[in-house]
Amino acid sequence: MESYNEFKKLMKEYNILLDKLLKLETEKVNIIASDNIEQLEKQMRIEEAEMLRMRGLDRKREDLLNKMGYEGKTFRQIVESSAADQKSELQPLYTQMKEKTSRLKELSASTSRMVDSKLVRIESETNRMKGGGANAYDQKGERVPSDSRPRMKPTSA
């Protein structure tokens, strides 16, 4: 029974941490949208600390499952093989974990797409500033066709 209570407590800890990660990822989306690099760096450091906590929980889970004789089993497998009274308590916790993990994956993918989009814009702007973009002009202020633009030459070190 003690192992069961430890397992239930562990599932609750995962859910709490997943809530924190969801909140951080949501905040990160807003920070990226506002182009606040300093705030993004701060947010990433906080997120890294929470991910370290997740790794700690994973180690705790592995140790507990070994102790319970469930080495290599998934949460779902353990919940499904539990006694009916235990299963009725564990199933909602498992469902919450599963839903939060799914939302976190979706949100993380969305964040990645936002970052990729921002990087493409930065690259495009950088190319334009180097004279490789669509809006390059000569000294008279007239548009220069892309095939006749001077290219920057690398400098030797």
Side-chain angles (χ1 to χ4, degrees), residues 1-136 146 151-152 154:
M1 191 60 140
E2 180 184 334
S3 294
Y4 163 75
N5 288 331
E6 287 179 55
F7 184 71
K8 188 167 103 174
K9 180 182 174 192
L10 181 69
M11 291 181 77
K12 288 178 181 180
E13 288 177 39
Y14 267 105
N15 273 312
I16 290 168
L17 186 54
L18 286 167
D19 283 335
K20 287 180 183 178
L21 290 171
L22 280 165
K23 182 178 183 255
L24 287 170
E25 196 70 18
T26 301
E27 290 170 355
K28 188 165 63 172
V29 166
N30 294 330
I31 292 167
I32 291 169
S34 70
D35 292 329
N36 188 334
I37 301 299
E38 293 82 21
Q39 187 65 33
L40 180 59
E41 288 173 351
K42 180 181 175 187
Q43 191 75 5
M44 298 289 285
R45 285 191 297 274
I46 295 168
E47 191 175 273
E48 284 177 30
E50 294 302 326
M51 291 307 292
L52 286 173
R53 286 189 58 222
M54 180 65 81
R55 285 191 205 116
L57 276 180
D58 286 341
R59 282 192 293 276
K60 188 175 176 180
R61 175 187 51 84
E62 289 171 5
D63 292 344
L64 181 59
L65 294 185
N66 288 339
K67 178 180 166 184
M68 294 172 69
Y70 287 128
E71 184 176 357
K73 299 283 184 186
T74 64
F75 279 110
R76 186 174 125 223
Q77 291 170 325
I78 295 168
V79 170
E80 288 176 353
S81 67
S82 296
D85 60 327
Q86 294 174 343
K87 188 175 183 178
S88 67
E89 291 182 340
L90 297 177
Q91 187 64 50
L93 294 171
Y94 171 72
T95 300
Q96 290 171 9
M97 283 175 53
K98 185 176 166 186
E99 289 170 357
K100 289 173 187 179
T101 301
S102 178
R103 283 198 317 256
L104 187 58
K105 285 179 183 178
E106 290 170 8
L107 194 53
S108 182
S110 176
T111 304
S112 289
R113 285 190 302 273
M114 283 181 72
V115 169
D116 289 346
S117 174
K118 296 262 183 193
L119 288 174
V120 166
R121 277 193 280 169
I122 290 169
E123 183 179 348
S124 175
E125 185 65 20
T126 302
N127 285 339
R128 187 190 65 75
M129 291 170 64
K130 288 180 180 177
N135 297 321
S146 62
R151 301 286 179 215
M152 294 180 71

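As the structure is a computational prediction, the values presented were derived from the model and not from experiment.
How far CD of Glu41 is from CD1 of Ile46: 12.5 Å, rounded to the nearest 0.5 Å. Between Asp58 atom CG and Asp63 atom CG the span is 11.0 Å, to the nearest 0.5 Å. Separation of atoms CD1 (Ile16) and CD (Glu13) is listed at 7.0 Å; rounding is to 0.5 Å. Going from atom CZ of Arg45 over to atom CG of Leu40 covers 10.0 Å, rounded to the nearest 0.5 Å.
Listed by chain and residue number, nothing satisfies the side-chain hydrogen bond (donor to acceptor under 3.5 Å, both in side chains) test with Glu106 (two or more places apart in sequence, or in another chain). Annotation: salt bridge (Lys or Arg N to Asp or Glu O under 4.0 Å) contacts of Lys9 (sequence neighbours excluded): none. Contacts of Arg53 classified as side-chain hydrogen bond (donor to acceptor under 3.5 Å, both in side chains), with partners at least two apart in sequence or in another chain: Glu50.
Panel note: side chain Ser82, backbone Ile78; a donor-acceptor pair is recorded below 3.5 Å. In this structure, Ser117 contributes its side chain and Arg113 its backbone to no donor-acceptor pair below 3.5 Å. Remark: side-chain polar atoms of Thr26 are paired, donor with acceptor, to backbone N or O of Leu22 under 3.5 angstrom.
Residues Leu104 and Leu18 come closest through the heavy atom pair CD2-CD2, 4.1 Å. Gly72 and Gln77 get closest at one heavy-atom pair: O-OE1, 4.2 Å. Residues Arg55 and Leu52 approach most closely at NH1-CD2, 2.9 Å, considering heavy atoms. When all heavy atoms are compared, the tightest approach of Leu10 to Lys60 is CD1-CD, 4.0 Å.
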Decide side chain to side chain contact (heavy atoms under 4.5 Å, CB included) for Met11 and Val79; before the verdict, give the C-alpha distance in whole Å, the side-chain angles of both, and the deciding distance to 0.1 Å. CA-CA 11 Å; Met11 291 181 77; Val79 170; 4.2 Å; yes
Test Arg103 against Lys100 for side chain to side chain contact (heavy atoms under 4.5 Å, CB included), laying out the working first. CA-CA 5 Å; Arg103 283 198 317 256; Lys100 289 173 187 179; 3.8 Å; yes
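Between Lys42 and Ile31 the shortest side-chain heavy-atom distance does not fall below 4.5 Å.
Among pairs with a residue in residues 7-59, those fulfilling ring pair (Phe, Tyr, Trp, His ring centres under 6.0 Å) read Phe7-Phe75, Tyr14-Phe75, at least two apart in sequence or across chains. Listed by first and then second residue, the salt bridge (Lys or Arg N to Asp or Glu O under 4.0 Å) pairs that reach into residues 22-35 are Lys23-Glu27, Glu25-Lys28, Lys28-Glu47, Asp35-Lys118, sequence neighbours excluded. Here salt bridge (Lys or Arg N to Asp or Glu O under 4.0 Å) pairs that include residues 66-81, with residues two or more places apart or in two chains, are Glu6-Lys67, Arg76-Glu80.
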